[in-house]
Structure formats: C-alpha cells, structure tokens
Number of protein chains: 2
Amino acid sequence: MLESFFKPKGVAVVGASRDPHKLGYGVVRNLSEYRYKGAVYPVNASATEILGFPCFASVSLVPDPVDLAILVVPADQVPAMVEQCGKRGIRHIIVTSGGFSETGPEGKLREQQLKQVADRYGIRLVGPNCVGSIDTHTPLNTTFVVGMPAQGDIGLTSQSGAMVAAVIDWARGTGIGFSRLISLGNQSDVTEREMIASMISDPHTKVITAYVEGVSDGREFMAVAEEAARKKPLIVLKGGTGEGGARAVASHTGSLAGSAEAYQAAFARSGVLTASTMEEMFDWARALAWQPLPKGNRIGVLTNAGGPAILAVDALEAAGLRLAQLTDETKSHLRPRIPAAGSVNNPVDVLAGSGPATYALALDALLSDPTVDAAVVIQAPQDWFLAESLAEVIGEVAANHKKPVLAAIMGMATVQKALEILHRKKVPNFSFPERMASTLKAMLTRRNWLDGHQDPPAVITGVDHLEAQQALQNQDFSRLLAAYGIRFPKTKPVADAKTAALMAAEIGFPVVMKLDSPDFSHKSDVGGVLLNLKSAEEVTQAFETITQMARMIKPDARISGVLIQKMMPKGHEILVGMKQDAQFGPLVVAGTGGVEVELIRDVASAIAPLSHQQAAELLSKTIAGRRLNGWRNIQPGDWNAVTEVIVRLAQIGVDFPEIRELEINPVLVLDPGNGAWALDVRGVVQ
Amino acid sequence: MLESFFKPKGVAVVGASRDPHKLGYGVVRNLSEYRYKGAVYPVNASATEILGFPCFASVSLVPDPVDLAILVVPADQVPAMVEQCGKRGIRHIIVTSGGFSETGPEGKLREQQLKQVADRYGIRLVGPNCVGSIDTHTPLNTTFVVGMPAQGDIGLTSQSGAMVAAVIDWARGTGIGFSRLISLGNQSDVTEREMIASMISDPHTKVITAYVEGVSDGREFMAVAEEAARKKPLIVLKGGTGEGGARAVASHTGSLAGSAEAYQAAFARSGVLTASTMEEMFDWARALAWQPLPKGNRIGVLTNAGGPAILAVDALEAAGLRLAQLTDETKSHLRPRIPAAGSVNNPVDVLAGSGPATYALALDALLSDPTVDAAVVIQAPQDWFLAESLAEVIGEVAANHKKPVLAAIMGMATVQKALEILHRKKVPNFSFPERMASTLKAMLTRRNWLDGHQDPPAVITGVDHLEAQQALQNQDFSRLLAAYGIRFPKTKPVADAKTAALMAAEIGFPVVMKLDSPDFSHKSDVGGVLLNLKSAEEVTQAFETITQMARMIKPDARISGVLIQKMMPKGHEILVGMKQDAQFGPLVVAGTGGVEVELIRDVASAIAPLSHQQAAELLSKTIAGRRLNGWRNIQPGDWNAVTEVIVRLAQIGVDFPEIRELEINPVLVLDPGNGAWALDVRGVVQ
C-alpha cells in the first residue's frame, strides 16, 4: 500500500522552482538526474518548464499518470495543497516543508490540520519536515540532497533527515550500496513501523537499518520488529540513550520517552540488533547482507603478520568469540602448503612472503574444518603481489563455502581497488581487524535469536482475580501478591500470650515475634524482636517479655500486641520488580536484592509477560542468578520458585497497567524445593 | 645517542640489490625516492651502481661519512657483516633480515652471536627481523615498504613490522602526518624504551604512540613512560590482552608475559593512555598533537542537525563527559545570532539553513563561555555552502581560543577538501560524531594525570624486620603481617578454665571461644564455638561446656583446650592481596572480600609501592570502596585503617619478591577509628 512512495507511476512536485538554490529545484533535479523513469510534473504557476519538464500552474491540471506528490511549499500553504492533491486523486504525499510540530504550538496545530485534510481524502502522508526518500532500484530520488548512493542491499529509515544526508554522502564516498533511504520527518501519518514493514516486503532490501529516537507505539513496534527480524536482519541505532541525549530527543522530536532499559529489553526480545554507533550499524549491515550467519562462535584467523592477528584475537575474545581449535587433519594439510616458519595453529600465519595461492589454500582449509564457524582473513600491506589478487581469491573461496568470511586487507592508499573487488564479491572489509569482532558478534546474536524457541508467556493458574481487585483498591500489595500466588511468610497479629501460643502452633515452629505498635520505629533496638522461638512455652514467655519491655520503655505507647511470623531459614535475597514503561508497558527487573540494590546495580530487565524460561534467562544475566546456582559455601536456591514469582509479578504488570511500580525486595529464595517468599513489597498506583 | 638511526650522515646498505623484487632494492629505492640528503652507499660485490649510487664490493671500502648500516643479507651472513661494520667504525646498524629468535632455537643462538659481535664493537643495533624506520623530517626512510607518510607530529614505535607497514599505507590514504615510524623487530639490543626516549627529545614528535606486545623490563618501562608522559602524550596499544591473544604474543615474540591487569595498572600509574584499537590510538594522537588539553569535562556541542548531536551527546555521556550548562549571557548573545527555531541551549542547534558565519559566531560564543571546557562542532551534509568554508571558520575560531575543538564534518564524498583544510589547521575531524567522545575522554585523562600530585610511597614505620624474616622462614604469614603492623584479633590457646578466664580478661571482653582440637573439622556444628562471652564467669562456664561436649561426641578426640579470641563487631569484609607480576613486580589488588570474590570480581589493581592516597584511590574504584563510604543502613568503615593495611601489604611485596602471592581475605574493617583487622591470610612463597 505504501509502494507508491517508492514505485510511483508519476510524481508531481508542488513548489518546483527554477532557482538552483531552492529545495523545489533540488527535488526536480534529483528526479531527473538520478533517472526516474515515470512522469515528472513540476507544479509552478509562473514557469513554463523546469529542467525540460513542462510546468503546471496547479496540481489539479496535472495529467495522468500521477500517484505521488512532493510538497515543497511554505508551511502555511501545505494544508491547502494537500486538499488540492486530494481532489486530484493523489493518495500519497511527501511533505518536505518544515514549520510544523517541530517549531512549537502553532506549528503543532498546523500539523493537526494537515493530518485532518489528509485523512479526509484517505491520503497517506510522509513528513512533514523530512528530506524525502530514495529507492535506488526503481530508481527514485525524491530528496533535494546532492548525490545518490549506489544500488545495494541495505535499507535505512531515519527519524533524522540530517542522518539520511550524511549517510548518502558517506555511502558515495565508501561505495557501500543501499536499496532504500527514508527520511520520516515528524511522522504525522506514516511511522517508522510502516516503513520497516515496507522494507520487509521489498525484495531488494536484505538488511533493514533504522535510526530511532523514539518509537510511536512500543508494543506495535515490537510486533513489526519481530516480524522483520524473522525475515531479515533489523539493526537499530537508538539516539537519546543517555540523560542529556534523551533531553535532546525530547526537544528534537517530542517523542514520548520510554526508558533506555525498556528500549534495550524490547529490542533484544524482538530480535533487533542494537548498534551503538553509525559505523557499527553499517559494519554489521554489510556483513549481514552479504555473508551467511555463523553456526557458532569458533573463529578461524588467517594472517600474514603476527601483530594485526593478535589485535584481532584480543577483540574477538573481548566480544565473547573464541579461536577455533583446528583439527589435526587441517593442520597436516596446511603444514606443507605454507612456509616452514609459518604457523598452522590458529591464527594461521602464512608470513609476509606468501602469495594469493597460499591464502587460497589456507582459507579453503580453514572453511573446510568442521571446528571453524567463521573465518577472518588479514593482510598487512606487502609489496609482493597486488592486493587485488588477494581480494579475488578471498571472494572466490568464500563463495564456495557456507560460512561467513570477513576480510581485513589493511591500509588505505594502495588497496582501494582490492576493496572494490571485495565489495563486489560481497566480502565486507575492515581497514583495522579489530572492528570485525563486533560484527561477528552481531551475526552470532542474530543466529542465536533465530534459533531460540520463542516461548509463549507462562500460563498463570490459581489467581483469585476478585481478591486481587479488592486488594488493589485497598492498596494492600501483600494481599495482591498473595492473590497471584506469591507467598509471604504467615504473619498474624495476636493480643495476648495464650492466643500467641495457639497461633504459633498453627503457623508452625520456629517463629519470630515482633512488637505490634505504631510507636516504636526500630523495634529490634528495644528488644521488640525475638527470633527462633521453638515451643508454646517460649512463645508465651516471649509475648510477656516483648510487651513488658515496651511498656517499661514507653509507658504511653499504643501496644496492640505482637506479630507472629514463621521463622524463615537463610536464603538468597533477590529483588523482583515491575514498572510501567511509557512506551513498552510492564518492564520486569530482577537481580540482587537487599539494601545494596542501588550500590551494586546488579539487575536485568525484560518486557512482560514472560515464560518461565525467559524469567530464568533474565535472572541468569545477573550476579544474583550466578549465586542462585550455588557457589563454594553458598547453597543453590530454588530456581523454580523464583521464576514463578517473576512470571507472576510480570502478569500483575500486564493485568493492572494502573500499578506504576511494584517491587518485592527481598524475595527470599530458599534451597531447591523449599520455595521463594516475598518478605517486603512496595507499590505505586497511578 | 641513537640519533644516528634517524639523522645519519651516511648510510651503507649491505645487501643492496638491482632486482626490484628484493628487499635490498626497496631500501635503496626508499632512501633515494624519499629524498634522504646524506650519502648512500649500496654494498654489492657484483654491481657497479644501483639507482645511480655507485656500489661498493664490501662495507670496508665505503668512504666517509658513514654512521649507519642497514643489513639486508641472509641471516647466516649477518654476524660476519656486523663484524665488518664494526671494523669499518660504523656504530649504528639496522638488521632488517629475519631468521633469528623468531624462528626457533637455532635462530636464537644466531641472535646471541649477533649481539656478542655488536657488543664487542659498542654497536647499537635495531632488529633483527624488522622493517626499518622512518623520520619524515630528516627525511630518512630505511624501510623497503612502498610509500612515505606526510610530515607530521605523531611518532610510532611498533613491535610488529606489519603494523608499521599498515600505518604507512593508512597514513598516506588519510593524509595524517607522522614524525617517526620505528619497527623494533626482535629487540636484541635497542628496545622500545630507548626508542620512546629518542622521541621524547625529538622536537618534531608531539605525541608518542606505541604498539606493544610485551615490554623488555616492566619497571624500566614505567620509568621511561612516566618521563615521556610528563613531557608529551604517550599512547600505547597493547596486543595480547586476552587469553588467546596472549598465547599468540608468546609465540610471536617470546616476550616475558606480564598479566593484562598489571600492564593496565602500570600504564595508568605512568600516565600512559591505553587505546583499545588502532583507530582509537590515532584518533587520540591527532587530537593530542593538535589541540590543547581541556580543563574539565564540560563539553559545548554546536550542530546544524538534531540527530547527529544526539548521538554525540549519548557517546559523550557514556564516556563520563557532560554537557556544559551555558551561562545566560552566552544564551542571550546567541539568541539573535541564530535562527529563531534554533536552540541556544547546549547542544546549540543553528539548523540546516545557517552558514559559516553563524557557525563562527556560535563557536566563538561557546569557547568564550567559562562553563565550556571543550567544543565539538558537527555539520550534517548540506547544499547551502561549501564545507571548505566551514573548515576555514572552525580552524580560525579554534586558533583564537585555548580550548580544544574537535570537528565532525560528516559525510565522505563531498567533504574531502574540507577535511584537508581542517587537518592543515590542526582540528581533528571525525566522520561520525560518536568517535569524538573517546578522544575527549583520553585528553581529560591526561589532564587529570598531569594535575594529580604524584605521591611518594608511604613511609612505613614500626616494622620489625628481623621478626618478619623469621616469620617468613617459618611460612607463618600471620606473624609476618603482624611484624608489618597488620593486626589479627588476639587469639590465645588455653588448656584450662582458670587460665581461660585470665586470658579473656587480658584480651578484653567480649570474647569468642573455639574448641582447640585437630579432630573436629566443623567446630560450630558440634557446639564447639561460643560467641560474645562477656565475663570471667561466662568464660569459665564456656570452657567446660565446649570441652565436655567435645568429649561426649568423640571420646577419643585429642583436645588441647580452647582458643580464645577477641569478639569482633560487624564490619566490612575487604580483600587485600599482592602478587608478583613477571614484568612489573608486586601488584596489589583490593576489593570486595569474603567467599564471593571470584563471583563478583569486584577488585582493582595497582603497582606497589603505594602512597596512602593511592591506596585509597585503588579501593575507591570498587563497590567495596563505595560501601566503605556508608550506604543507607551500612555504616561507613575506617578508611585510614584499611589504607594502612594496603600500603603495608604493598611494602611486603616490595621487600620480599620471593613471596609470589599473599592474600588477606577478609580484612575486617570496623567503624571509623576502630581499625581494620586481618582475619585470614594465605601465601605462596617461591
């Protein structure tokens, strides 16, 4: 349905100009210069032709075929022009003009007006305040930006027009090809989601990249992103991840802010690869567009020099990849084929004097070795043979195998031709070998996400919904948790020693007894807490001790009696929390609990709802999770019970969006089989 | 003294060749082609001239002036040729030839031979197995590598010849200039230290960079590095930081391995800036060579587009820098000078339509603002004016201020000329603004190191050296610590109840009593440990209880009596350890103690000896240090006492290199004023 934005039959340029310094000239120039083959209709009342195209005084006079209009007129004329386009039967419009919601309240009103007109005619609208878009395969260039990238496999959608302009210039300089480049502008109608969807179905786009400052709807974005990721890699560069950056985003786009951790969790869940810089995004994009995914993390390194290989290995290991342990077969195959002083162990070093044939034999041997999941080929500059020959050889051998190959033909001055050959043969090259590591890691991350079974959320049974509703009305969060099957140790208030003994027997020994009075803030400091009481006698005695001591210290204190609670054994203290994210809804956090939460910051986040498997993976990312597996004299904890608490808290977040925050700290996790107990909870309701 | 390697009066090329495919030709070609102005003497018995230089049949026939020889002959001829050079009076030799210690035991022997001959004649020798070196200012190029970088301010010394070749080609491609490039080879004589020293005194070198796989002497390296860092920035890229990389280094150079953490600690101590990739090293080098250091971490960002500025701000914040809060004066100055829709808040956004004059005014305003320590100028590609104009303006304004300015004129195809202008004006440019952050951080790190007072090591008083020696002979590490004034809680063995009561009074109540018997491994499980005994009576009673209980459970057990120890209050559990590093000697580690050390890995390292200030800084890098400051209901700890323990343990490491490892875990750190106590120690002696 959005295809007319990329493959229109005819394009009207409303606000076309003869003045080469105006945007309305640039758009017509780009349509012409970059060989758009459909009809081009400049709309300009005072000119007869622009760049050889006859002009029309009004869009209503434009003949068929026309299914796309580009508006490059002052902001106040835009709504009227959209109306004219609507009457003319044009249903796709790119509004390049600025002066809308990005400029303040007046502009915001104008944008609403614009949207109303468009909706009335069923018009789909990109912008306003964008630089237009490019499809290199149509070819179509509706921007006013000088230059057009080569045809290629990478699609880009961007919330920043400047970024599109920068990428165009960079792509031309490096020769990296693109399929589509889309500037979204203010997204008054068409959003990043629909443009990502348009690239899912575009056969020329093999990898989708996106510069995102904020999304228009978190959950909808996740759905589209996951659909994309199932079919082709989706790489996102998120602007505004820090505090200052987020402030700048708010003033730049007015996007509804979600927290950085929620974005991260949502992206990971949906199979989005999150790049941290533009360079990284396009490093990854090239490799994912051109090379197959690795099956595992074992890398074979082929080099003609020690130093660069060492740096590559350092970077690979830092990224969690490792050197393949080559088979003896591979090593004996290599031994007679490389110089005697070279190394047949990984990294395979063919030394400075070896030529392209030696590289060919060694790379083929590495890729044939079942212990190698991906290969990296390094060449320090040498003077023995042309780097072009090596580029040919790498491309040819790589094409014969189904494993990814990345190249680092190092240098710059003497290797340009070699890089062109490599790129034509779809082997990504990196001037410095260290940069390959993050790329291989991204490829592996995608492979693991695709291979991971996508659990449905856990089925939560035994919830007393009526009880939960009532508990929430009373803001009684422990009761709410209980209604969802998250247990607190039994606690009962008793007013006299005899009832205390009976209640303790009912709860089961040993018990803890605490003074029940609003007038003592630190009960344990005044002897108001007695632990590990093991019999009715001890309980009776303790009741007297606690209440008498309190009366002695504060004769006027209000004393209701004593709280009796099951005495809990030692266990792991875990934090399990939930907060509603403005964009992505309930976000679950889990990690080390207790008072040191903010000191250690040992927490991980995930988007609710969760399966038990996902809950376990979440906690496993933290030190708390490693502790739960047992460590030296630390006993392992009850994983089943704690994951049950996590999935149930996640479900509360889904069921009650009005609970903004809910935090159990600590959850006491006992030995396997002995359960997990909420010891304290606090919540915030909207 | 090494100056003849860089500014020789005459150079003999032993092994010069007429065959363009041989290294011996490449060296003569480079001397000629890159305009070396001194005398060049090819030594070749079978040729009359090479590239117009008359040949000599032997080095003994070479006339004056000659003070440098380059040897490009087969390895087995090298020692004899060195001998000939020695007889001819040449005292500086670069041995390009390979076939020495890098090839195995036979080569190693040959290298020793070589060194002996050189030493006999007082010859200083670079290599063998290197690619030679370059001084662009002499100019002199003794390598066989094609190409020569432009003259510049950056010096490089490298343990990898391939890296030198790669940098030469990259430098030519990017136009980044160098002062010297030095390939060290096997370092049989001249080491990285002397070459770094040579660049300290070289007036053309403003920044020293080094690719280091291992150093030849850790402590000596630190001394030279610190001397360098006092005068000019020294940036090191360390190869072999990971496990696989370290293995590769060992096989590549045979360097004596120090641990990665020791290298890191030594570099930080000596003021070395540690880059993690080659790109980063040269990003930093350009900025440090060309721009002044910032006074603080407050950055002003000037941009013509929101998106790229947001990415820059994210990266700056992630690197620990922050946006300057501009003064009201600056903002009101800017307001009428930039478009109304632009932003006068940091990042200052002049929008797409502004020209170079607006940039000039805004950059001047930012740099004049006292709240701005450094400025970053971003330009997304635009079509309004030439990027060259902006480059001129940035260079001119930057030169008028004493604050660092980094530029990100984005793109590639249309901005080459602008980048040349910027580099000529010594403003480093980054195609993507994110890369500026690590550079600014490196500049600030250097500033902070230069500003930091370099404490002398703590003066350790009250050490009983004789006692320490004896304790070490008996491998009694608690006694050793005690001799150094590190205290254990008093512990006394007693054989009867009466002595127990007396001893407890002497130690001071409350005390802990533990069964003293080799036949019970878990004493507390059998009631063999009683805590918090507050009086002689309680102690007498406890003695009977403990010994009787033990006799009841195991009638045959050997029971010596009871150990009485001071009862310690609760406190912080800190790990303080020392291990001897193969390169850097005693390395002190400190951090979270207890059983979870390996689980949490909350430790930091520093090279001994330490001042109290350095000990405190070390611990402050860890979560344990943050805890020691107090946190919610966590009491602060006795910083004075714990830093005293750290400096004293460091001193033990210095005094006794034979102690390979010594670890106190935990050190119990009490409330301020109450001291720090070693509770357990283990050690390993060579």
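In the text below, chain A, chain B and the rest are named by the order of the sequence lines, each starting its count at 1.
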When only pairs under 4.5 Å are counted, which of B/Thr303, B/Ile623, B/Asn346 shares the most heavy-atom pairs with chain A? B/Ile623
Kindly say whether A/Phe432 contributes a backbone atom to a donor-acceptor pair with the side chain of B/Glu279 at under 3.5 angstrom? no
What residue, out of A/Gly173, A/Pro433, A/Ala413, has the most heavy-atom pairs lying under 4.5 Å from chain B? A/Ala413
Specify which of B/Gln379, B/Arg627, B/Gln416, B/Arg322 makes the most heavy-atom pairs with chain A at under 4.5 Å. B/Arg627
Between chain B and each of A/Met278, A/Met410, A/His21, count heavy-atom pairs under 4.5 Å; write down the option with the most. A/Met278
Which region of B/Val167, side chain (C-beta onward) or backbone (N, CA, C, O), has a non-hydrogen atom less than 4.5 Å from a non-hydrogen atom of chain A, or is it both or neither? neither
Heavy-atom cut-off 4.5 Å, strictly under: side chain, backbone, both or neither for B/Ser158 against chain A? neither
From B/Arg435 CZ over to A/Thr277 OG1, what is the distance, rounded to the nearest 0.5 angstrom? 9.0 Å
Contact class of B/Val145 relative to chain A, heavy atoms under 4.5 angstrom: neither
Closest heavy-atom pair and its distance - B/Ser160, A/Pro308: OG-CD, 3.9 Å
Roughly how far, to the nearest 0.5 Å, is the CG atom of A/Asp314 from the NZ atom of B/Lys238? 7.5 Å
Quick check on B/Leu316 against chain A: is it the side chain, the backbone, both or neither that has a heavy atom closer than 4.5 Å? neither
side-chain hydrogen bond (donor to acceptor under 3.5 Å, both in side chains) partners for A/Ser438, two or more places apart: A/Glu280, A/Trp284
Shortest non-hydrogen pair, A/Ala162 vs B/Ala305, comes out as CB-CB, 3.0 Å
Within the side chain of A/Glu434, is there an N or O that forms a donor-acceptor pair under 3.5 Å with the backbone of B/Ser276? no
Using the side chain to side chain contact (heavy atoms under 4.5 Å, CB included) criterion, which residues pair with A/Met148? Sequence neighbours excluded. A/Tyr34, A/Ile134, A/Thr136, A/Pro139, A/Asn141
Which value, rounded to the nearest 0.5 Å, describes the distance between A/Met163 atom CE and B/Ile310 atom CD1? 8.0 Å
Contacting moiety of B/Ala166, where chain A heavy atoms sit under 4.5 Å: both
Looking only at B/Gly104, B/Gly411, B/Ala380, B/Ser431, most heavy-atom pairs under 4.5 Å shared with chain A are made by B/Gly411
So which part of B/Leu23 gets closer than 4.5 Å to some heavy atom of chain A, the side chain, the backbone, both or neither? side chain
Looking at OG1 of B/Thr414 and CZ of A/Arg172, how far apart are the two atoms once the value is rounded to the nearest 0.5 Å? 7.0 Å
Do you know which of A/Val313, A/Leu311, A/Asn345, A/Leu323 has the most heavy-atom pairs under 4.5 Å to chain B? A/Leu311
Whether the side chain of A/Asp169 engages the backbone of B/Met412 through a donor-acceptor N/O pair (distance < 3.5 Å, no angle test) should be reported. yes
